[in-house]
Amino acid sequence: MARVYNFSAGPSVLPEVVLKEAAEEMMDYRGTGMSVMEMSHRSKAYDTIIKEAEQDLRDLMDIPDNYKVLFLQGGASQQFAAIPMNLMKNGVADYIITGQWAKKAYEEAKKYGKVNAIASSADKTFSYIPDCSDLPVSEDADYVYICHNNTIYGTAYHTLPNTKGKILVADMSSDILSQPVNVSDYGLIYFGVQKNVGPAGVVVVIIREDLIRDDVMPFTPTMLKYKTQADNDSLYNTPPCYGIYICGKVFKWVKEMGGLTAMKAHNEKKAAILYDFLDSSKLFKGTVVKEDRSLMNVPFVTGNEELDAKFVKEATAAGFVNLKGHRTVGGMRASIYNAMPIEGVEKLVEFMKAFEEANS
Ligand SMILES: *Cc1c(COP(=O)(O)O)cnc(C)c1O
């Protein structure tokens, strides 16, 4: 078995213990004589799986009782439409554009109402987070929308926007469970799980109960109405059963690692190894404003496209894979999610140092 150091932005590295446990349970899940894949979503065994997954997530994030947790399908992108359909009462929402995912959500929301881009960092290729302390929040905005960690550009909010009393909605697909979150600061948090939690195909929505309404936009598909999903405990139809089962194992793993405070310390330590090197290197440079750096996605360049390509090629051969930057930005990006071990980052930096010496 040859495992690589996988720096993919998503789907991405999962804890090895989780993969091993899933392998052990593949043919016979705890005496049921079948795989979780083969099991009714209404069975007793599955009921335990999904309920434990929810409880473990609640414990980890300290989710207040007046929030529902929904395990849904359609990925994060489906929520770009579900959010305005469910949350717009006045038909108005404000978006902060800090990258491609925020922009996509904004473009989708425009189909459903009057949507304002109240701040953007597009002027400098999304290399920073705009000052959000005094934004022109619309008086009748139903919510203010952010992408909490910008997977492609490698920026993250370290201070939340001042929404002037409006509901905050956040896409946390690429930094969920990487650090503690004060759930009460938000009306709705959602994340596609394939970055930090599990296999693609599951999206989790954490929503304050009073925002779950029956009078959503009349054309809202039954499946996209949060009330349908909340009333049926995410079992209105067949959920992505196997994916949720793996998410549940990852939640237990994060608990064993010490929860979100410990995870944050672990992630800060890993990120510092890479950022400190980038700050001292003569060849490699980070592309993001220091104060807004992400703990999860670290983009960097040499300033020379040919050298970038050479680096990616040699790194791949050495077992450091998926370091190529997003197709829209080029350069390199190391995604160092929860499950990336510290040795992975240490060894990557050693490799970068050797590459720098050989190429300067
Ligand atoms: C990957 C990603 C998405 C898109 O997720 P899908 O599940 O593929 O729709 C959305 N937002 C962020 C922040 C992401 O990192």
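No hydrogens, no waters, no symmetry mates; every other heavy atom, side chains included, goes into these values. We count ligands from 1, going down the list as the structure has it; atoms in each ligand are counted the same way. Everything numeric here is computed off the predicted structure, so don't read it as measured data.
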task = Using a strict cut-off of less than 4.0 Å between a Lys/Arg side-chain nitrogen and an Asp/Glu carboxylate oxygen, indicate whether Lys124 and Asp292 qualify as a salt bridge.
result = no
task = Evaluate the ring planes of Phe355 and Phe284, with Trp represented by its six-membered ring, and classify them as parallel (under 30°), tilted (30 to 60°) or perpendicular (over 60°).
result = tilted
task = Scan side-chain atoms only and decide if Lys270 and Asn267 contain a donor-acceptor pair under the 3.5 Å cut-off.
result = yes
query = ligand 1: which residues have a non-hydrogen atom closer than 4.0 Å?
reply = Gly75, Ala76, Ser77, Trp101, Cys147, Asn149, Thr151, Asp171, Ser173, Ser174, Gln194, Lys195
request  = Would you check if the side chain of Gln194 reaches a backbone N or O of Gly201 as a donor-acceptor pair within less than 3.5 Å?
outcome  = no
task = Examine Phe311 together with Phe351 and report whether their ring centres are nearer than 6.0 Å.
result = yes
ask   = Taking atom types as modelled, is there a side-chain donor on Ser133 or Asn162 under 3.5 Å from an acceptor on the other?
value = no
